[in-house]
Undergrad: 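Structure below; questions to follow.
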2 protein chains.
Amino acid sequence: MQPDPALLRTNACAASQMLKALSHPDRLMLLCQLADGKERSVSELETLTALYQPSLSQQLGVLRREGLIAPRREGKQMFYRVADTRALAILHTLYQQFCAETETTP
Amino acid sequence: MQPDPALLRTNACAASQMLKALSHPDRLMLLCQLADGKERSVSELETLTALYQPSLSQQLGVLRREGLIAPRREGKQMFYRVADTRALAILHTLYQQFCAETETTP
DNA sequence: AATACATTATCAAATAATATATATTATTTG
DNA sequence: CAAATAATATATATTATTTGATAATGTATT
């Protein structure tokens, strides 16, 4: 599936760095709320995830520095959206694997 | 995409635990070698990844305890294969996103 | 200036990573 | 059968990183 060992390592490092950013429940919840590609304000995210505000901002900072999300300021509010198509692809797979079956079907 | 906040958190925790296991270059390289669903012996994996044996065994141990891979003994050798379909799905997405474009095309 | 919203700084506790040493299990050989 | 070897696993020690909580600070609007 991957012939060149040096390239394998390079790619594995890149991928695992992104996975590291994803592998935190709070950060993953945040990204789930942005997985539709639309943007959300920080206060919306605060409501949706029920995270304590400084933690929220802290985790958004991690995602921002990794380039996974991008900010846009509008007055006093900050809006974030997913800024990395690779992350978006992973999020969709995660949704299929971890959420699709556990959906609340009335 | 995900209405119930409690369920969101539950799923996010499950997913991030698996991602944590994936988000290490050595472990990811190992899993890449098993991503075709076939099994490989530890010594094969040692050759393929050029990892120092105790590290290799240590990382295999992490993956095994997380249930991502399953062992089979055959004489003195141990064979491992991916034992989790969710992990397999994630690995395929990762391959598409991080390896597909960088393929060595002669 | 006051208010609401958002970010940064600090720091102890918990976890994870890396390297080295040692142990286990099974086969082979004398 | 006992000793040697091979393949893999575990233990340990050290260092580095991450987490989680709280306090302090910054920024824009009213």
Side-chain angles (χ1 to χ4, degrees), chain A residues 9-10 12-31 33-34 39-83, chain B residues 9-10 12-34 38-83:
Chain A
R9 174 165 286 279
T10 304
C13 283
S16 65
Q17 194 182 346
M18 174 173 292
L19 290 173
K20 220 173 213 171
L22 295 176
S23 63
H24 184 289
D26 293 350
R27 291 197 289 268
L28 199 49
M29 281 200 298
L30 286 170
L31 286 169
Q33 303 303 333
L34 300 171
E39 62 181 17
R40 304 260 185 288
S41 72
V42 175
S43 39
E44 276 181 284
L45 292 172
E46 192 176 354
T47 307
L48 288 164
T49 59
L51 286 178
Y52 189 52
Q53 187 269 319
S55 321
L56 177 67
S57 184
Q58 188 84 31
Q59 304 306 346
L60 286 174
V62 173
L63 295 172
R64 188 161 20 83
R65 279 187 290 280
E66 281 296 320
L68 300 190
I69 59 175
R72 181 178 68 84
R73 169 147 244 151
E74 190 181 307
K76 348 182 202 189
Q77 301 203 100
M78 291 293 277
F79 289 84
Y80 282 98
R81 65 179 174 76
V82 176
Chain B
R9 175 164 285 280
T10 304
C13 283
S16 66
Q17 192 182 347
M18 174 174 291
L19 290 174
K20 222 171 212 172
L22 295 176
S23 62
H24 184 289
D26 293 350
R27 290 197 289 268
L28 198 50
M29 281 200 298
L30 287 170
L31 285 169
C32 281
Q33 303 303 332
L34 300 171
K38 293 178 198 158
E39 62 179 19
R40 304 261 185 286
S41 73
V42 175
S43 41
E44 276 181 284
L45 291 172
E46 193 175 353
T47 306
L48 288 166
T49 59
L51 288 178
Y52 190 52
Q53 185 271 322
S55 323
L56 176 67
S57 186
Q58 206 147 267
Q59 304 307 347
L60 287 173
V62 173
L63 295 172
R64 187 162 20 83
R65 278 186 291 279
E66 282 296 319
L68 301 190
I69 59 175
R72 181 179 68 83
R73 170 147 243 152
E74 190 180 307
K76 357 181 196 189
Q77 300 203 104
M78 292 293 276
F79 289 84
Y80 283 97
R81 64 179 175 76
V82 177

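Per chain, numbering begins at 1; letters A, B, ... match sequence-line order. Worth saying up front: this structure is predicted, and the values here are computed from it rather than measured.
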Undergrad: Can you tell me the distance, in whole Å, between the CG atom of B:Leu51 and the C1' atom of C:dT20?
TA: 16 Å

Undergrad: With the side chain of B:Ser57 defined as its heavy atoms from C-beta on, choose the nearest nucleotide among D:dT8, D:dT19, C:dC5.
TA: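 So the side chain of B:Ser57 is nearest to D:dT8.
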
Undergrad: For the residue pair A:Ser23 and B:Lys20, what are the closest heavy atoms and their distance?
TA: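 Between these two residues, the closest heavy atoms are CB-N, 3.4 Å.
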
Undergrad: Ignoring the backbone of A:Gln53, work out which of D:dA6, D:dA9, C:dA6 is nearest its side chain.
TA: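 Closest nucleotide to the A:Gln53 side chain: C:dA6.
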
Undergrad: Has A:Gln17 got more than 12 heavy atoms of other residues, nucleotides or ligands less than 6.0 Å from its CD?
TA: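 Not more than 12 within 6.0 Å, no.
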
Undergrad: Looking only at side-chain atoms of B:Tyr52, point me to the closest of C:dT20, C:dT18, D:dT29.
TA: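 Nearest to the side chain of B:Tyr52 among the choices is C:dT20.
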
Undergrad: Measuring from the side chain of B:Lys76 (C-beta onward, heavy atoms only), which nucleotide among D:dT29, C:dA19, D:dA6 has the closest atom?
TA: D:dA6

Undergrad: When we call it a touch if two heavy atoms are under 4.0 Å apart, what does B:Tyr80 touch: a base, just sugar-phosphate, or nothing?
TA: sugar-phosphate

Undergrad: Measure CD/A:Gln17 against C1'/C:dA16 and give the value in whole Å, please.
TA: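 About 17 Å, once rounded to whole Å.
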
Undergrad: Is the closest side-chain donor-acceptor distance between A:Gln33 and A:Arg40 under 3.5 Å?
TA: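 Distance-only check fails for A:Gln33 and A:Arg40.
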
Undergrad: Between D:dT10, D:dA28, C:dT28, which nucleotide gets closest to the side-chain atoms of A:Arg73?
TA: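 Comparing D:dT10, D:dA28, C:dT28 against the side chain of A:Arg73, the answer is D:dA28.
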
Undergrad: Could you tell me whether the phosphate oxygens of D:dT10, OP1 or OP2, come under 4.0 Å of any side-chain nitrogen or oxygen in B:Arg64?
TA: yes

Undergrad: Counting side-chain heavy atoms from C-beta on, which of C:dT7, D:dT19, C:dA21 comes nearest to A:His24?
TA: D:dT19

Undergrad: For B:Ser43, is there any backbone N or O sitting under 3.5 Å from a side-chain donor or acceptor partner on B:Thr47?
TA: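 Here the side-chain-to-backbone pair exists.
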
Undergrad: Any strand counts, and the cut-off is 3.5 Å on both contacts for Watson-Crick or G-U wobble. Which nucleotide pairs with C:dA21?
TA: D:dT10

Undergrad: Quick check: on DNA chain D, is the nucleotide nearest A:Ser55 upstream (toward 5') of the one nearest B:Arg65, or the reverse? Name the residue that is more 5'.
TA: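 The 5'-side residue here is B:Arg65.
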
Undergrad: Answer yes if the side chains of B:Arg64 and B:Tyr80 hold a donor-acceptor pair under 3.5 Å, and no otherwise.
TA: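 B:Arg64 vs B:Tyr80: donor-acceptor pair found between side chains.
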
Undergrad: Choosing from C:dA21, D:dA23, C:dA19, which nucleotide comes nearest the side chain of A:Pro54?
TA: D:dA23

Undergrad: With sugar-phosphate meaning primed atoms plus P, OP1 and OP2, does B:Gln58 contact a base, only sugar-phosphate, or nothing at under 4.0 Å between heavy atoms?
TA: base

Undergrad: Kindly point out which of D:dT18, C:dA6, C:dT25 is positioned nearest to the side chain of A:Lys20?
TA: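 Nearest to the side chain of A:Lys20 among the choices is D:dT18.
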
Undergrad: Give the rounded distance in Å between these two atoms: CD of B:Gln77 and P of C:dT27.
TA: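 Distance, rounded to whole Å: 11 Å.
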
Undergrad: Consider the side chain of B:Asp26, meaning its heavy atoms from C-beta on, and name the nucleotide among D:dA9, C:dT18, C:dT7 that approaches it most closely.
TA: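 Among the listed nucleotides, the one closest to the side chain of B:Asp26 is C:dT18.
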
Undergrad: Counting any heavy atom closer than 4.0 Å, what does A:Ser41 reach on the DNA or RNA strands: base, sugar-phosphate only, or nothing?
TA: nothing

